[in-house]
Amino acid sequence: MSTNGSANGSVDGCEDAGAGGSGVVFEPGSYAVDSRTGRVGRVMSQDGVCVQLRPPGGGVEWDCPSESVSPARPGDVLRARVTELNHERRLP
């Protein structure tokens, strides 16, 4: 599945996910896993149908249908936080 956003920032399949999503609310700043790809991301926002995730350490955000997002496991969170800290140390 493509992770390239369209002009409105959505990802193929997210706009067709249907209203309501999974019913799970993800707090902005928490970590979640996109089950379609296995990628871990920091939750930036959620509109009910899609959750917007950003890779640890920064990068291009992507939209994921709410039903394809699950909370990150503790090991995934630790790995993501280490990635972010390492990225911050390299900034001028």
Side-chain angles (χ1 to χ4, degrees):
M1 180 166 277
S2 170
T3 57
N4 293 329
S6 65
N8 64 3
S10 66
V11 172
D12 297 338
C14 195
E15 64 275 0
D16 298 327
S22 66
V24 177
V25 177
F26 294 92
E27 287 290 320
S30 65
Y31 293 94
V33 177
D34 180 342
S35 64
R36 301 171 304 168
T37 62
R39 292 175 65 191
V40 175
R42 184 180 287 266
V43 175
M44 304 310 292
S45 66
Q46 180 176 10
D47 68 6
V49 177
C50 289
V51 178
Q52 191 170 36
L53 301 171
R54 175 176 285 169
V60 178
E61 297 174 2
W62 76 96
D63 289 339
C64 183
S66 295
E67 64 270 7
S68 296
V69 179
S70 60
R73 298 176 307 197
D76 294 330
V77 172
L78 178 60
R79 195 172 304 109
R81 292 184 68 192
V82 168
T83 298
E84 290 179 338
L85 289 170
N86 286 339
H87 179 75
E88 289 173 10
R89 289 186 63 193
R90 287 186 286 235
L91 294 177

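As the structure is a computational prediction, the values presented were derived from the model and not from experiment.
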Give me the atom names and distance for the closest heavy-atom approach of [X] to [Y].
X: P56; Y: T83; value: O-CG2, 3.7 Å
X: Q52; Y: D63; value: CG-OD1, 3.5 Å
X: G59; Y: R54; value: O-NE, 3.7 Å

Item to complete: Please list, chain by chain and in numerical order, all residues satisfying side chain to side chain contact (heavy atoms under 4.5 Å, CB included) with S30, sequence neighbours excluded.
Response: F26, E27, V43
Practice prompt. Could you list the residues that satisfy side chain to side chain contact (heavy atoms under 4.5 Å, CB included) with R79, not counting sequence neighbours?
Written response: D76
Item to complete: Run through V51, V24, V25, D47 and flag the one making a side-chain contact (heavy atoms from CB on, under 4.5 Å) with S66.
Response: V51
Discussion item. For G29, is there any backbone N or O sitting under 3.5 Å from a side-chain donor or acceptor partner on R42?
Written reply: yes
Discussion item. Looking at S35, is its backbone amide N or carbonyl O close enough to the side chain of S68 to form a donor-acceptor pair, meaning the two atoms are under 3.5 Å apart?
Written reply: no
Worksheet entry | Distance in Å, C64 SG paired with D34 CG, rounded so as to fall on 0.5 Å steps | 3.5 Å
Worksheet item: Roughly how far, to the nearest 0.5 Å, is the CZ atom of R73 from the CG atom of L78?
Response: 12.5 Å
Discussion item. Using a 4.5 Å cut-off between side-chain heavy atoms of Ile, Leu, Val, Met, Phe, Trp and Tyr, which other residues end up in the same hydrophobic cluster as V77?
Written reply: Y31, V33, V40
